[in-house]
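Heads up: numbering here begins at 1 and tracks the sequence. Basis for what follows: all heavy atoms, side chains included, without hydrogens, waters or symmetry-related copies.
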Amino acid sequence: MQTAHTVSQVREVVRGWHREGLSVGFVPTMGNLHSGHISLVREAMARCDKVVVSIFVNPTQFGPNEDFDRYPRTLDADAAQLVDAGAALLFAPSVEEIYPLGQNQTWVDVEGLGDYLCGANREGHFRGVTTVVSKLFNIVQPDVAVFGEKDFQQLAILRRMSEELLFPVKIVGAPTSREDDGLAKSSRNGFLDESERKLAPLIYANLQKLRSDIEQGARDFRNLEQRYTERLNTAGFQVDYLTIANASSLAPAAKNDTDLVVAVAAKLGKTRLIDNVSLAVVDNP
Ligand code: PAF
C-alpha cells in the first residue's frame, strides 16, 4: 500500500491508474478504523481495481462543543488494517493540505435534507461534510465512493450533492456492521464505559421492536416516536431525536408514506450514538 500526504501525490498516483484503464474506488474516513470501515473497503474492492482510503479528521464538521480534539488519531494501527484489507493507497493529509487558505470561504451546502434528524441540532455539520467530501472527490477523482448506511442522513445528502453537482462518481451505501449484541460499530463506542456499553445495544433492540410495530400495522408515528423515546430515556439514555421519517425527504413520515427510516441519536453519558433501520410499508391499512 502506498501512503500519500499531499494532494499532488494522490493526483499523480490516480492519474497513472486511470491511464492504465483501472477503475478507482474511494472510502473517505476519519480514521480510528474498525471492522465496519474495513467492510466499506471490501465493498469498494469488489467494485473497483484500486481502492483509495482517506483518513482525515475534518475540523469543519465538528461543532464548538463536539469532540474534535477527543477524536482518536490512530494512523499506524489504521494503516496496518488497510494493508491487510488490500487498499492500494492511503491518503492522510494535514488540515493545511485540505484547507490551504486557512478559514474556508467556499462551502458546499445541501439544503432541505440537512434540516432534519442530526442536521436539526448540529448546525454546520453537514455543510462541513459535503464541503470536505467535494474536496476529496476533486483530489481522488474516484469512479465509486462507498459510505456506511449507519450514517443514513449523511449518505442521503452525499447522494444528492453528487447528483446535483454532477460528480462523475457512483455513490454506494454499505450495510451497517454490528457487534454480536446488535450495537452498530462506531469509533465512538470506544468512549463508552462498562455500564454504558452494556446499555448501548438497547438502541438497536428498540429500533427493531418499533419497526416490527409498524410492520404489524401501527401508524400513529408521532405516538410511537414518543413511546420509544420515553423507553430509551427511562433506560438511561438522553434521546436527542427518535424519528420515523420519509426515507427520501427525511421529513417526519406521514401516515401514507411507504419508504420509511427510523433514525435515532441518543447520548449515553458524554457519548452520542446514532443508528437507524429502514422499512418499506407494503400494505397500508
Ligand atoms: O463519515 C465520516 O467518517 C465523515 O463524515 C466523512 C464522510 C469521512 C467526511 O469527513
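When the shell of 6.0 Å around CD of E12 is examined, it contains 12 or fewer heavy atoms from other residues, nucleotides or ligands. Atom CG of N223 has more than 12 heavy atoms from other residues, nucleotides or ligands within 6.0 Å. By the 6.0 Å contact criterion, CD on E215 is enclosed, its count of non-hydrogen atoms from other residues, nucleotides or ligands being greater than 12.
F152 contributes atom CZ, which lies 11.5 Å from atom CD1 of I274 (distance to the nearest 0.5 angstrom). Within the model, atoms CD of Q226 and CG of D220 stand 9.0 Å from one another, a figure rounded to the nearest 0.5 Å. The OG atom of S177 sits 9.5 Å away from atom NE2 of H37, with the distance rounded to the nearest 0.5 Å. T29 contributes atom OG1, which lies 9.0 Å from atom CG of L40 (distance to the nearest 0.5 angstrom). Taking CD from Q81 and NE2 from H34, the interatomic distance works out to 9.5 Å, rounded to the nearest 0.5 Å. Atom CG of D275 and atom CG of L183 lie 7.5 Å apart (nearest 0.5 Å).
Counted by atom type alone, D240 and N121 present one or more donor-acceptor pairs between their side chains at under 3.5 Å. In this model, a donor atom of one side chain and an acceptor atom of the other lie less than 3.5 Å apart for K185 and S35. Side-chain contact of Y99 with T60: a donor-acceptor pair under 3.5 Å is present, judged by distance alone. Checked by atom type, the side-chain pair Q61/N58 shows a donor-acceptor distance below 3.5 Å.
For the pair K209 and D213, the minimum side-chain heavy-atom distance is below 4.5 Å. Counting heavy atoms from C-beta outward, F91 and L136 have side chains that approach closer than 4.5 Å. The side-chain heavy atoms of L250 and N246, taken from C-beta on, include no pair separated by under 4.5 Å. For the pair V10/V14, a side-chain contact is recorded, criterion being any heavy-atom separation below 4.5 Å from C-beta on. In this structure, the side chains of V281 and L260 come closer than 4.5 Å at one or more pairs of heavy atoms. Between L75 and L90 there is a side-chain heavy-atom pair separated by less than 4.5 Å. For the pair I139/I98, a side-chain contact is recorded, criterion being any heavy-atom separation below 4.5 Å from C-beta on.
The cluster map of Ile, Leu, Val, Met, Phe, Trp and Tyr, joined by side-chain heavy atoms under 4.5 Å apart, puts L82 and V24 in different clusters.
In terms of modelled atom types and a separation under 3.5 Å, the side chain of T131 and the main chain of G128 share no donor-acceptor contact. Remark: side-chain polar atoms of S23 are paired, donor with acceptor, to backbone N or O of D49 under 3.5 angstrom. Remark: the backbone N or O of A184 is paired with a side-chain donor or acceptor of N189 at under 3.5 angstrom. A donor-acceptor contact shorter than 3.5 Å is absent between the side chain of T271 and the backbone of R188. In this structure, the side chain of S94 engages the main chain of E97 through a donor-acceptor pair within 3.5 Å. No donor-acceptor pair closer than 3.5 Å links the side chain of Q154 to the backbone N or O of F126.
In this structure, R231 forms a cation-pi arrangement with Y228, its terminal cationic atom sitting closer than 6.0 Å to the ring centre and no more than 45° off the ring axis. Taking the centre and axis of the six-membered ring of F68, the NZ or CZ atom of R73 falls inside the cone set by 45° and 6.0 Å.
Classification of D181 and K198 as a salt-bridged pair fails, no side-chain N sitting under 4.0 Å from a carboxylate O. Between D193 and R197 there is no salt bridge, since none of the side-chain N atoms of the basic residue sits less than 4.0 Å from a carboxylate O of the acidic one. Salt bridge annotation for E163-R159: absent, with no cationic side-chain nitrogen under 4.0 angstrom from a carboxylate oxygen. Between R122 and E66 a salt bridge is recorded (basic side-chain N to carboxylate O distance below 4.0 Å). At a threshold of 4.0 Å, the pair R222-E225 counts as salt-bridged, since one of the basic side-chain nitrogens sits closer than that to a carboxylate oxygen.
Residues M30 and I55 approach most closely at C-CG2, 4.1 Å, considering heavy atoms. Nearest heavy-atom pair across V27 and A44 is CG2-CB, 3.9 Å.
When each of V52, D143, V144 is checked for a side-chain contact (heavy atoms from CB on, under 4.5 Å) with F26, only V52 meets the rule. Applying the side-chain contact (heavy atoms from CB on, under 4.5 Å) test between I244 and each of L279, D257, V262 identifies V262 as the sole match.
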